[in-house]
Amino acid sequence: MKIYSIAIDGPAGSGKSTIAKILSEKLGIIYVDTGAMYRTVALYCMENGISTTDGKAVEKALDDINLGIEMTDGVQRMILNGRDVTSLIRTAKAGQGASDVGTIVAVRDKLVEMQQKMAQKTSVVMDGRDIGTVVLPNAEVKIYLNADVEERAKRRLKDFSAQGKTETLEAVVEQIKQRDHNDMTREYNPLRKAEGAIEIDTTGMTVDEVAEAVMKIVYEKTGEK
Ligand code: DC
């Protein structure tokens with residue numbers, strides 16, 4: 001069977017992980033959530049008194065970080081130095097920390113190499129900020145998801161309240177704007193639409209509608225359905 005890759009990029013809350021999970025189930029391929037890897041590096045820093053904006057200190061800490069990724073029943077679990085941190089990385093603080101460590105060249109180089117290795121062995125749908133541009137520039141399918149910031153904040157708010165966390169819409173809008181700015185203006189491999197990527201503005205679309213639109217593109221490019 002031929003190995004193929006689907007790259008999904010876009011800003012925070014654009015629906016990447018929701019759509020990637022649906023594609024992974026429908027197509028029977030592995031979903032790799034690369035944001036979780038940056039979040040895990042950030043968590044290590046937060047737990048060990050290392051500032052996520054201190055490039056030198058974070059680079060040094062990389063030697064002490066053993067990052068494991070386990071797939072259990074299609075769910076990606078993040079293992080940090082032998083400890084399962086899958087749920088601990090799902091906080092706004094870890095998201096911001098991930099955006100900070102994502103500006104550091106040594107961090108990106110290490111994680112990108114791991115991601116490329118995963119996609120060599122098996123078909124994947126991978127989401128992040130630099131998948132179509134850097135990690136898998138030859139991916140058969142490249143998608144760029146977008147939506148207006150209010151809608152993205154409302155989706156994040158839903159995720160947070162499902163986890164029992166209370167945040168205001170205004171606070172989440174601000175967090176997202178800050179993160180977008182950080183991710184789009186960093187010097188090394190910033191978030192941008194890859195050459196050949198198909199952009200979908202998901203504002204006002206249901207999950208089913210977006211999934212259907214993306215599946216149509218996948219079918220056209222790969223023949224898979
Ligand atoms: O997708 P997410 O919200 O879990 O990602 C958290 C942060 O990690 C994001 O704001 C920027 C960084 N990131 C990155 O720089 N490159 C990726 N491929 C994935 C995430």
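Each ligand, and each atom within it, is numbered from 1 in the order the structure gives.
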heavy-atom search around atom 4 (O) of ligand 1 in the protein gives R39 NE, 2.7 Å
Would you mind finding which of G35, S99, A36 brings a heavy atom closest to atom 20 (C) of ligand 1? G35
Closest to atom 1 (O) of ligand 1 among Q178, R129, M184, M126 (heavy-atom distance): R129
Among all protein heavy atoms in this structure, tell me which lies nearest to atom 16 (N) of ligand 1, with the distance rounded to 0.1 Å. R108 NH2, 3.0 Å
Do the charged groups of E25 and K21 touch, with an N to O distance under 4.0 Å? no
Ion pair present between E151 and R155, side-chain N to carboxylate O less than 4.0 angstrom? yes
Would Q96 count as a contact of ligand 1 if the rule is a heavy atom under 4.0 Å away? no
Per-atom filter on ligand 1: closer than 4.0 angstrom to a heavy atom of R179 are 3 (O), 5 (O), 6 (C), 7 (C), 9 (C), 10 (O)
Can you pull out the closest protein heavy atom to atom 12 (C) of ligand 1? Residue, atom name and distance to 0.1 Å, please. A98 O, 3.8 Å
Is there a side-chain hydrogen bond (donor to acceptor under 3.5 Å, both in side chains) between R129 and Y38 once you walk through the steps? CA-CA 11 Å; R129 304 292 188 288; Y38 289 87; over 6 Å; no
We want to know whether S99 and D183 form a side-chain donor-acceptor pair, criterion being a heavy-atom distance below 3.5 angstrom. yes
Around atom 19 (C) of ligand 1, find the nearest protein heavy atom and jot down its residue, atom name and distance. T34 OG1, 3.4 Å
Can you confirm whether Y188 is buried at OH, in the sense that more than 12 heavy atoms of other residues, nucleotides or ligands lie under 6.0 Å from that atom? yes
State whether E140 and K221 are salt-bridged, where the test is any N-O pair (Lys NZ or Arg NE/NH1/NH2 against Asp/Glu carboxylate O) under 4.0 Å. no
